[in-house]
2 protein chains.
Amino acid sequence: MESNVATTPEVLAQRLANSGLRATPQREIIYGVLLKKRDHPTADEVYARVRTDMPGISLATVYNCLETLVQCDLVRAVNFERGPTRYCPNLRPHAHFHDEQSGSTHDIDLPAEILDKVRSVLPPGYNAKSVEITFRGKAADEQKSSQP
Amino acid sequence: MESNVATTPEVLAQRLANSGLRATPQREIIYGVLLKKRDHPTADEVYARVRTDMPGISLATVYNCLETLVQCDLVRAVNFERGPTRYCPNLRPHAHFHDEQSGSTHDIDLPAEILDKVRSVLPPGYNAKSVEITFRGKAADEQKSSQP
DNA sequence: AGTGAGATTTAGAACAATTCCAATTATTGT
DNA sequence: ACAATAATTGGAATTGTTCTAAATCTCACT
Ligand SMILES: [Mn+2]
Ligand SMILES: [Mn+2]
Ligand SMILES: [Zn+2]
Ligand SMILES: [Zn+2]
């Protein structure tokens with residue numbers, strides 16, 4: 001029973017329409033790139049991947065589309081320190097584990113129970129719209145390089 | 001029983017010495033500024049405050065000194081989204097509540113019990129050196145402006 | 001007190017990521 | 001088709017930070 005999880009171009013179009021926006025080829029390809037390899041790419045990395053399918057796309061458009069997807073709640077923008085923003089199409093509540101050695105980022109699912117516990121540290125009067133949890137450290141077996 | 005909490009110039013000097021560094025006037029004043037008003041100022045804000053005491057200081061030095069204090073574990077660098085880095089001399093384990101309206105940042109103490117619960121979501125093999133928790137939302141009664 | 005090595009500060013240039021801008025191109029409804 | 005609106009584009013501009021190379025300071029030693 002996955003509510004709220006868009007994984008197809010059709011769903012993308014629907015979500016965009018909800019916000020009065022159009023499903024353009026650029027938006028579809030960029031969203032597809034994010035779904036295909038969920039390694040939290042930067043805008044530059046998305047740009048590089050998209051260009052193999054759509055060589056004429058501009059970096060400005062990549063930024064525009066990513067921003068649009070974030071606005072539609074189809075994608076989360078993720079930041080570590082002051083590094084470039086990374087993009088994540090995982091809509092379930094999750095934390096991020098940032099491996100400092102490899103630079104890779106892993107999603108860590110967050111049970112609602114834990115999220116509630118965390119929210120419980122807030123004194124009365126503090127109304128949190130969002131909670132962000134980030135781990136930094138070393139993850140074991142980085143699976144060699146990345147060729148499957 | 002506060003271990004690890006430096007609040008005086010002398011302790012600063014000690015900590016710096018531990019790392020083979022000197023206690024310069026610039027470092028002392030900057031650390032003093034952070035201790036005096038714990039509102040998580042940016043480098044620019046620190047620069048402005050320091051200049052009232054030391055008009056000749058340079059912005060590069062402010063950046064250098066802040067970085068040094070972070071290296072010595074006397075100060076934490078705090079980031080929200082892609083905003084400018086903010087600096088926090090609170091060494092206790094704590095989360096940050098970022099009030100989007102006012103732009104202000106509040107420390108939220110984190111009981112060890114909660115921190116452990118949060119760490120417990122990590123699958124085996126994930127070794128977290130640090131955990132960062134950030135709330136975003138609206139805090140009630142922003143105490144009018146700020147004149148006491 | 002004077003000297004030299006090394007640390008620190010400084011001003012300004014350089015940089016990286018992102019946003020802005022004005023012009024062009026695409027899509028939509030009539 | 002046509003006009004209105006939305007989206008894309010290349011390049012300039014902006015922001016926060018880091019780099020660089022020169023000047024200054026500090027400390028240890030004579
Ligand atoms: Mn990293
Ligand atoms: Mn803010
Ligand atoms: Zn993620
Ligand atoms: Zn803090």
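In what follows, chains carry the letters A, B, and so on, assigned in the order in which the sequence lines appear, proteins first and then strands, with residues in each chain numbered from 1.
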Between atom CG in A/L66 and atom C1' in C/dT19, what is the gap in whole Å? 14 Å
Can you tell me how far P of C/dA17 sits from CD of B/E81, to the nearest Å? 18 Å
Could you state the atom-to-atom distance from CD of B/E45 to P of D/dT15 in whole Å? 15 Å
Decide whether a cation-pi geometry holds between A/R27 and A/Y31; the criteria are a distance under 6.0 Å from NZ or CZ to the six-membered ring centre and an angle within 45° of the ring axis. no
Atom-to-atom span, CG of A/N79 to C1' of D/dT17 - whole angstrom: 16 Å
What is the nucleic acid contact for A/T42, judged by heavy atoms within less than 4.0 Å: base, sugar-phosphate only, or nothing? nothing
Is the backbone of B/N79 close enough, under 3.5 Å, to the side chain of B/R86 for a donor and an acceptor to pair up by distance? no
What distance separates A/T85 OG1 from A/E67 CD, expressed to the nearest 0.5 Å? 9.5 Å
Using 30° and 60° as the class limits, which term best fits the ring planes of B/H96 and B/H40: parallel, tilted or perpendicular? perpendicular
Check the interface with nucleotides 1-3 of chain D: list each N/O to N/O pair with the protein under 3.5 Å, or write none.
none

At less than 4.0 Å, is any side-chain N or O atom of B/T85 found next to OP1 or OP2 of D/dG16? Yes or no. no
Nearest whole Å is fine: how far is C/dA17 C1' from B/R82 CZ? 5 Å
Is A/E81 salt-bridged to A/R136, going by a charged N under 4.0 Å from an acidic O? yes
Let me know the distance between OH of A/Y63 and C1' of D/dG10, rounded to the nearest Å. 15 Å
From CD of B/Q71 across to C1' of D/dT18 the rounded distance in Å is 14 Å
How many Å lie between CG on B/D44 and C1' on D/dT18, as a whole number? 14 Å
Lys/Arg N to Asp/Glu carboxylate O, B/E113 vs A/K117, below 4.0 Å: no
Going through the distances and angles, do A/D39 and A/R49 end up as a salt bridge (charged side-chain N to carboxylate O under 4.0 Å, His left out)? CA-CA 12 Å; A/D39 59 349; A/R49 293 175 198 179; 2.8 Å; yes
In terms of the angle between their ring planes, are B/Y126 and A/F97 parallel, tilted or perpendicular, with boundaries placed at 30° and 60°? perpendicular
Got a list of protein N/O to nucleotides 8-13 of chain C N/O distances below 3.5 Å?
from: C/dT8; atom 1: OP1; to: B/R22; atom 2: N; distance (Å): 2.9
from: C/dT8; atom 1: OP1; to: B/R27; atom 2: NH1; distance (Å): 2.9
from: C/dT9; atom 1: OP1; to: B/T24; atom 2: OG1; distance (Å): 2.6
from: C/dT9; atom 1: OP1; to: B/Q26; atom 2: OE1; distance (Å): 3.3
from: C/dT9; atom 1: O3'; to: B/Q26; atom 2: NE2; distance (Å): 3.3
from: C/dT10; atom 1: OP2; to: B/S58; atom 2: N; distance (Å): 3.3
from: C/dT10; atom 1: OP2; to: B/T61; atom 2: OG1; distance (Å): 2.5

Cation-pi, A/Y47 ring and A/R51 (6.0 angstrom, 45 degrees): yes
